[in-house]
Amino acid sequence: MEQKSSLLNQKGIFGAFLAVLLSFVLIQFPSCSSKNKQEVEEERSELIQPAKWWEKLPRPVYATLEKVETSQKWFEVYRLTEDTYAIYEPYQFEEAISYLLIGEEKVVVIDTGTGIGNLRQVVEDLTDLPASVVNTHTHWDHIGNNHQFKEIACYNNAECIEKIQKGIDNVSLQRSITGDSIWKPLPKWFDPAIWEIPSVEPTSLLEDSGLIELGGRSLEVIYTPGHSPGSICLLDKKNRILFTGDTFFPGPLYAYPEDVNIDEYITSIERLKSRLEEYDYLCSGHNDPWVKSEVISRVADAFKEIMAGKGNYKEESGIRRYYFDGFDILIRSDMIRKHKE
Ligand SMILES: [Zn+2]
């Protein structure tokens, strides 16, 4: 007993000595101590995913659009033109937007969102015609409900095809439905424990400048890689609308992930800028479904500014968020350096 307490005393003295030593090291070398990896991750995600992001909702544009009621409360649906609907998911951080385009013979769904809601039921609430899907690219939040449809088209690119074929497993998706990622209850029938994005087979492959005919309305495929391999935009010439996927949306443009090719991204924005006379509005993959097209010129200028070493930004863990009017750009600092070389 005595021996034990004397051992405790020795430990106590040793512990106190260690604490003094450690605090000395921390004061002298704060950079090696003050942030553990988890904290750095949290800070990085604050730059990308601000806490309580939903407090800024609803976004002002929605008050100017015609809201349409459907049976699926996970979505908000807005009528943009007589035969074009935006199907918006405001309760999940991505604020994904899919689009329903109704032609005289065919119906196209551009992107299928996160997969949390029943998108097909929304489509069936709005039209009797069978719908086929066109994916602007194959990030998870654009292919979530592909499996609900028989016809799936994506760009003829090996990585795009593989992602759709592979699907996404339950574990990889958990982050998207936990913590601050959602702020309203998930649909009652939705089970997070078994949720996945099932693998499906693309039924048609798109080429640059190809046309998708809907009857009295067509969509031109514009190949715009950069945000991801095989990213496309779709031009509805008749309605003068450009569906941009993630190549542009009014928010922080993702130019930092591993599958981004920054040089291709810049070229793609320049390509869209060269065709500005053909469209008045952008229907983007996130946040706002109705954005004036002039912003594309400013995105082109923004990339030039960044690559020239200008622009206002905050940086965490090598990722910079540059601030512009109506959009931001998230980019890795090493991308800027490599671009200059
Ligand atoms: Zn994306």
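Order of listing sets the numbers, starting from 1, for every ligand and every atom in it. Just so you know, residue 1 is the first one in the sequence shown, and it goes up from there.
The pair Lys304-Glu270 meets the salt-bridge criterion, with a side-chain N (NZ, NE, NH1 or NH2) lying under 4.0 Å from an Asp/Glu carboxylate O. Checked for salt-bridge contact, Lys238 and Asp83 miss the test: no charged N lies under 4.0 Å from a carboxylate O. Under 4.0 Å is where a charged nitrogen must lie from a carboxylate oxygen, and between Lys56 and Glu95 no such pair does.
The set of protein atoms (N, O or S) found at less than 2.8 Å from the Zn ion (ligand 1) reads His137 NE2, His139 ND1, His227 NE2, Asp246 OD2, by chain and number.
The aromatic rings of Tyr265 and Phe303 lie tilted to each other, with the angle between the two planes from 30° to 60°. Using cut-offs of 30° and 60° for the angle between ring planes, the Tyr254 and Tyr256 rings count as tilted.
Smallest separation of non-hydrogen atoms from Ile241 and Cys283: CG2-SG, 3.4 Å.
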